[in-house]
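Structure first, commentary second.
Note that the structure is a prediction, hence the values are computed from the model and not measured. Worth knowing before you read on, the calculation uses all heavy atoms, side chains too, and leaves out hydrogens, waters and symmetry mates. In what follows, chains carry the letters A, B, and so on, assigned in the order in which the sequence lines appear, proteins first and then strands, with residues in each chain numbered from 1.
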Protein chains: 2
Amino acid sequence: MNVFIIGIGLIGGSYARDIRQIRPGCRIFGIDADPEHLQQALSMDLIDEAATYGDLVKADLVLVSIPVDALVRELPVILDSIGEQTLVLDAGSTKNLVCKAVEDHDNRRNFLACHPIAGTEFSGPSAAISGLYQGKTNIICEVEKTAFKLQERALDLFRDLGMRIRYMNPDAHDKHIAYVSHLSHISSFMLGKTVIEKEKNERDIFDMAGSGFESTVRLAKSSPAMWTPIFRQNKEYVLEILNEYIANLEGFKAQMLADDFDGIYREMDNTNKIREILDGIPLNKVK
Amino acid sequence: MNVFIIGIGLIGGSYARDIRQIRPGCRIFGIDADPEHLQQALSMDLIDEAATYGDLVKADLVLVSIPVDALVRELPVILDSIGEQTLVLDAGSTKNLVCKAVEDHDNRRNFLACHPIAGTEFSGPSAAISGLYQGKTNIICEVEKTAFKLQERALDLFRDLGMRIRYMNPDAHDKHIAYVSHLSHISSFMLGKTVIEKEKNERDIFDMAGSGFESTVRLAKSSPAMWTPIFRQNKEYVLEILNEYIANLEGFKAQMLADDFDGIYREMDNTNKIREILDGIPLNKVK
């Protein structure tokens, strides 16, 4: 089995680690725009050899894990280059534009649009970890547009990786993911920015910050190269939820200014409901 | 050694667990406004017996770990009730009003104002954990107002608990802690609120939320009874930093609306600096 990973970073590299375990005898080829990452992936044995698009014709499986701006641009070219029985999967955090980019492609049926809800704030081949996908949700969009046999091959892979599957349309995906992922990143980046600006003396942060600050600001370590195109592609839904968030912060501020601390208590008490919701997140139990 | 813990929740109960280890032979007394918590603390062996303010006269050490509104009200009464050699420590997340509440008290020299930067989003005796204070920072305010012998007793205790000490004045404490703790809680509570409001169907959150959302929204599980009085007491500094945060979010929104994604990239790239700052948080390494 020939597996090609296009973009050997956290996501692609973690796929490589697990696929080597669950598909013994597979040969893993790597393609990456960054020669240093490719070299690193080779020396870490994430991949067996470096390859180019010219080799894709012999691929059984192609995993495309690159920033979503590159994804929209490259996916049609990748589909041009594959063999008849090649399955192509992506891992993009947006789905509307990705699906749109290949909707009329002759090889559309070789592609399955996926978003594995998995990752960390780190990036690059060195961030790849084993078991990243175990117990995580993989959101599949427009499943009906993929050849049935290739759907089966993908589902076998995801089952062996330990993933749960959920089917959505691309627009619903982009809307909900703006709420539960993209907004979290903005909130975290702006929190980091606010505190860095205020704290000229970093020792104050160093000494006084506890696990609460660390937790809320963790995502501010994320890669701008990955996140800028996500915000660009999902602009409409991100702006919608960002507006709601700012309005809620303004509401909190107004309550503080009015000394309405009973109201603030009630807000927080209502929001404590998030406990039960979070307890439902499977990742919770994995960590 | 007679140790009294007033308020047997996460903070007081965790002190009880560790003090039992590092001070063998000590006897731990519990005082709590909630009879159920007191009963629970007894049955969990966090405390040896329930007590009242009338017993404080025989205390060597009194740890007051109650919400900051109760703290400001009760601390003078507690200082009225203690013996001549009793050391009283608090654990309040604000320091200005707490120190003010006892500044003219006859027994001011028996009190050391402390804020251990430690905790979780949970509360009550069942949330108490061993080793909570290991490697954490304890901020001590107005140390010069505490009797030298009692300072020593406190520092011995904190050393044996594995804590690092930092001295600050109450106002600097309240200002910086608004930046690195209080704002994180507001950001998290409002994030939780925003997403709960938008997601009528909780299954969507359950399935799509990953570790990023979980991390940024974790503090929204925190106790409103603890946090409402903190926001009230630290209103001025909390509003100051909340304004900056909202302004930064508005700035991000304006960049999105103007399609200034190069600017957004630069913002995130600058904020990535938080990596090095967070790497300095000792807790990071403990978890």
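Put simply, CZ on B:R275 and CZ on A:R218 are 13.0 Å apart, with the number rounded to the nearest 0.5 Å. Taken to the nearest 0.5 Å, the NZ atom of B:K235 stands 7.0 Å off from the CE atom of A:M256. Rounded to the nearest 0.5 angstrom, B:K221 NZ and A:K273 NZ are separated by 15.5 Å. Here CE of B:M208 is found 6.5 Å from NE2 of A:H176. Values are rounded to the nearest 0.5 Å. Between the CE atom of B:M190 and the NZ atom of A:K253 there is a distance of 14.0 Å, given to the nearest 0.5 Å. Residue A:E121 holds its CD atom at 7.5 Å from OG of B:S215, rounded to the nearest 0.5 Å.
Contact count versus chain A (heavy atoms, under 4.5 Å) is highest, among B:S181, B:G119, B:S222, for B:S222. With chain A as partner, the option from B:I264, B:I246, B:N270 having the largest number of non-hydrogen pairs under 4.5 angstrom is B:I246. Between chain A and the residues B:S223, B:A225, B:S188, the most heavy-atom pairs under 4.5 angstrom are made by B:A225. Interface remark: of the candidates B:V238, B:L239, B:I177, B:D262, B:L239 forms the most heavy-atom pairs closer than 4.5 Å to chain A.
Residue A:A118: no heavy atom, backbone or side chain, is found under 4.5 Å from chain B. Proximity to chain B is limited to the side chain of A:L219, based on heavy atoms less than 4.5 angstrom apart. For A:H185, no part lies near chain B; criterion is any non-hydrogen pair under 4.5 Å. Interface remark: A:I139 contributes side-chain atoms only to the contact with chain B (heavy atom separation under 4.5 Å). Interface residue A:E197: only side-chain heavy atoms are found under 4.5 Å from chain B.
Sorted by first then second residue, the ring pair (Phe, Tyr, Trp, His ring centres under 6.0 Å) pairs that include residues 241-268 of chain A, not counting sequence neighbours, are A:F252-B:F231.
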Between side-chain atoms of residues 93-100 of chain A and protein atoms elsewhere (two or more places apart, or another chain), which donor-acceptor pairs fall under 3.5 Å?
residue, atom, partner, partner atom, Å
A:T94, OG1, A:Q233, OE1, 2.7
A:K95, NZ, A:D90, OD2, 2.9
A:K95, NZ, A:G92, O, 2.8
A:K95, NZ, A:C114, O, 3.1
A:N96, OD1, A:D171, N, 3.4
A:N96, ND2, A:D171, OD1, 3.0
A:N96, ND2, A:D174, OD2, 3.4
A:K100, NZ, A:E103, OE2, 3.4

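Ion pairing between B:K198 and A:E240 holds under the 4.0 Å rule for side-chain N and carboxylate O. Between B:D259 and A:R232 there is no salt bridge, since no side-chain N of the basic residue sits under 4.0 Å from a carboxylate O of the acidic one.
Side-chain contact between B:M268 and A:W227: present, with at least one pair of heavy atoms (C-beta onward) separated by less than 4.5 Å. For the pair B:Y179/A:I196, no side-chain contact is recorded, criterion being any heavy-atom separation below 4.5 Å from C-beta on.
B:N272 and A:A220 make their closest contact through ND2-O, 2.9 Å (heavy atoms, listed as atom of the first residue, atom of the second, distance). Across all their heavy atoms, A:G192 and B:T271 have their closest contact at C-CG2, 3.8 Å.
In summary, of the residues considered (B:L249, B:L191, B:N248, B:T216), a side-chain contact (heavy atoms from CB on, under 4.5 Å) with A:I186 occurs for B:L249 alone.
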